[in-house]
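Have a look at the structure below before the remarks.
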Protein chains: 2
Amino acid sequence: MSASLPLRQDTVHLHCRSPIGVPVEGWLALGVAAMRPRNAEIFAEGDKAAKIYRVVSGAVRITKLLCDGRRQIAGFYLPGEFFALEGGAVHRFSAEAIVDTTLQAFSRRALHERAETDRGLSEQLWSLAGANLERAQEHMLLLGRKTASERIASFLLDMAARSEVGDEVALPMSRQDIADFLGLTIETVSRTLTQLEREGTIALPNPRKVVLKNRRRLLAMEE
Amino acid sequence: MSASLPLRQDTVHLHCRSPIGVPVEGWLALGVAAMRPRNAEIFAEGDKAAKIYRVVSGAVRITKLLCDGRRQIAGFYLPGEFFALEGGAVHRFSAEAIVDTTLQAFSRRALHERAETDRGLSEQLWSLAGANLERAQEHMLLLGRKTASERIASFLLDMAARSEVGDEVALPMSRQDIADFLGLTIETVSRTLTQLEREGTIALPNPRKVVLKNRRRLLAMEE
DNA sequence: CGATCGATTGAACGCTCTCAATCGCAGTGG
DNA sequence: CCACTGCGATTGAGAGCGTTCAATCGATCG
């Protein structure tokens, strides 16, 4: 169980005042910091859903399981991104740290109470939730209709757009995670990446780092 | 373009007062009725997203296209269900009537303004949005990890749960729609349904109606 | 140096797709 | 009343993409 999430629990004090002294994004200061080691559970399917999370550092995966063990990863979350914004009283998927990860946890109830008087906060919450649904729909298109190489190309471009520092993209997750995210097997992921490397489209200095050598080509094969 | 959606536009007056005269679900009366004929567009990818919709009668599909024409249906919406609750200023998918359909359209801005003073409404909107995301995540599992017959079984059980009148389930959508929803081809959908019929698991009085003869079997094959 | 674990590579299989023909029903016109 | 047409659905045969099973590689760590 992940009932007592915070391994370390400190109120986070960010530089959250504008030059003229008005609180800006002040609600971010409501977050409670928590650290989770690699592969640790953040919450499980069936847990009470009382919090919203923001990744500070590290990476998170949202997963669903079939009873025979087949796994689908519904999404990855990178630093700065929010997850578990919405839903009923209970989580319908589980969340795990991919690597050692720092999180901020926000009480859903507190946030919604505050949103009643803070129009901006309310809009931000809806915007964040909307981004998550949009991403889910985009991913359905990938899972339902794209070929293996199109999936890999889309994945690499998406990761690059989200974490970009030049053309080097860090992949915090394993090949198995990528496969379970893209609806492929680990072998197909590996083969496709190798082929992209042989073509000169990407370089793979090591399994957790990709260098995009030819974005145009990736964009073309993304379809 | 679907900028001027309402073909017919009348304020809907529902029986929206409780026995003791207190407005219940009063915001449903804010809806503007619209009718769309079979295959008509409700909104398109790129349209300004100003409204939230509720299906009154008929059925709606949410679709996304790849540039070469491959199509993914992200969801079907049946009477009583809401769609397009969230997202940015612009729709990232299109919505079409599957059959002649009656809708209620709600101004997103009006609803959110009202939600500022109506805690119940705010909670309902979040709950509806959460249900949509949850359904999307469940569908990713189907698209990424289930076999053709598991997909069909899940689909039939889901449709039955949502529209149930006994064991007869109406399928307002074509085989092509089902295929594009389940990430299969029309031929595979047809073959799988035929096989279920031969097994005695279902009956197909006509292509748009399924009778569930053996739910246990469907549940077992859903995995 | 051996053990372990993730990643890569190879070979063969099989599920689903592709291509194509046929069916069945509804609508239309002779 | 019956051919003709059109369209969605069904059925068949063969091919291909991704999977499965299995061996090997390579880096990390005792």
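Predicted model only: the values in this text are computed from it and were never measured. To find a chain, count down the sequence lines: A is the first, B the second, and so on, and within it residues start at 1.
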Subject >> Between P of D:dA9 and CE of B:Met173, the distance in whole Å >> reply: 11 Å
Original post:
Taking the side chain as C-beta and beyond, is there a heavy-atom pair between A:Phe76 and A:Phe83 under 4.5 Å?
Top reply: no
Original post:
Roughly how many Å is it from CD in B:Glu197 to P in D:dT10, rounded to a whole number?
Top reply: 9 Å
**OP:** Using atom CZ of B:Arg175 as one end and atom P of C:dC25 as the other, report the distance to the nearest whole Å.
**Re:** 14 Å
Original post:
Taking B:Leu103 as the fixed residue, which of B:Arg54, B:Arg36, B:Met35 is the one that meets the side-chain contact (heavy atoms from CB on, under 4.5 Å) rule?
Top reply: B:Arg36
**OP:** Kindly indicate whether the side chain of A:Ile178, heavy atoms from C-beta on, has any atom under 4.5 Å from the side chain of A:Ile186.
**Re:** no
Subject >> B:Arg208 vs D:dA9: side-chain N/O to OP1/OP2 distance below 4.0 Å >> reply: yes
**OP:** Using whole Å, report how far CZ of B:Arg70 lies from C1' of D:dC17.
**Re:** 13 Å
Original post:
Between B:Leu204 (CG) and D:dA9 (P), how many Å, whole number?
Top reply: 12 Å
**OP:** Write down the distance between CG (A:Asp68) and P (D:dT20), rounded to a whole number of angstrom.
**Re:** 11 Å
Subject >> Within residues 140-155 of chain A: residues closer than 4.0 Å to DNA chain D (heavy atoms) >> reply: A:Thr147, A:Ala148
Original post:
B:Glu168: what forms a side-chain hydrogen bond (donor to acceptor under 3.5 Å, both in side chains) with it, not counting sequence neighbours?
Top reply: B:Lys209
Subject >> Residues touching DNA chain C, which here means a heavy atom under 4.0 Å, drawn from residues 184-193 of chain A >> reply: A:Glu187, A:Ser190, A:Arg191
Original post:
Between A:Arg71 and A:Asp177, is there a salt bridge with N-O shorter than 4.0 Å?
Top reply: yes
Original post:
So which pairs with a foot in residues 75-87 of chain B pass salt bridge (Lys or Arg N to Asp or Glu O under 4.0 Å), sequence neighbours left out?
Top reply: B:Glu81-B:Arg135, B:Glu81-B:Arg162
**OP:** Measure centre to centre between the rings of B:Tyr53 and B:Phe106, then say whether the value is under 6.0 Å.
**Re:** no
Original post:
Taking everything shown except B:Arg208 itself, do over 12 heavy atoms lie less than 6.0 Å from its CZ?
Top reply: yes
**OP:** Could you verify whether a donor N or O on one side chain and an acceptor N or O on the other, from B:Ser154 and B:Lys146, lie under 3.5 Å apart?
**Re:** yes
Subject >> Gap between atoms CG and C1', on A:Leu182 and D:dC17 respectively (whole Å) >> reply: 16 Å
Any protein N or O atoms within reach of nucleotides 26-30 of chain D? Criterion: under 3.5 Å, listing atom names and distances.
none

Original post:
Who pairs with A:Asn132 by side chain to side chain contact (heavy atoms under 4.5 Å, CB included), at least two apart in sequence or on another chain?
Top reply: A:Tyr77, A:Leu85
**OP:** Starting at atom CZ of A:Arg38, determine the distance to atom P of C:dG6, rounded to an integer number of angstrom.
**Re:** 7 Å
Subject >> A:Thr192 side chain to A:Ser149 side chain, donor-acceptor N/O pair below 3.5 angstrom >> reply: no
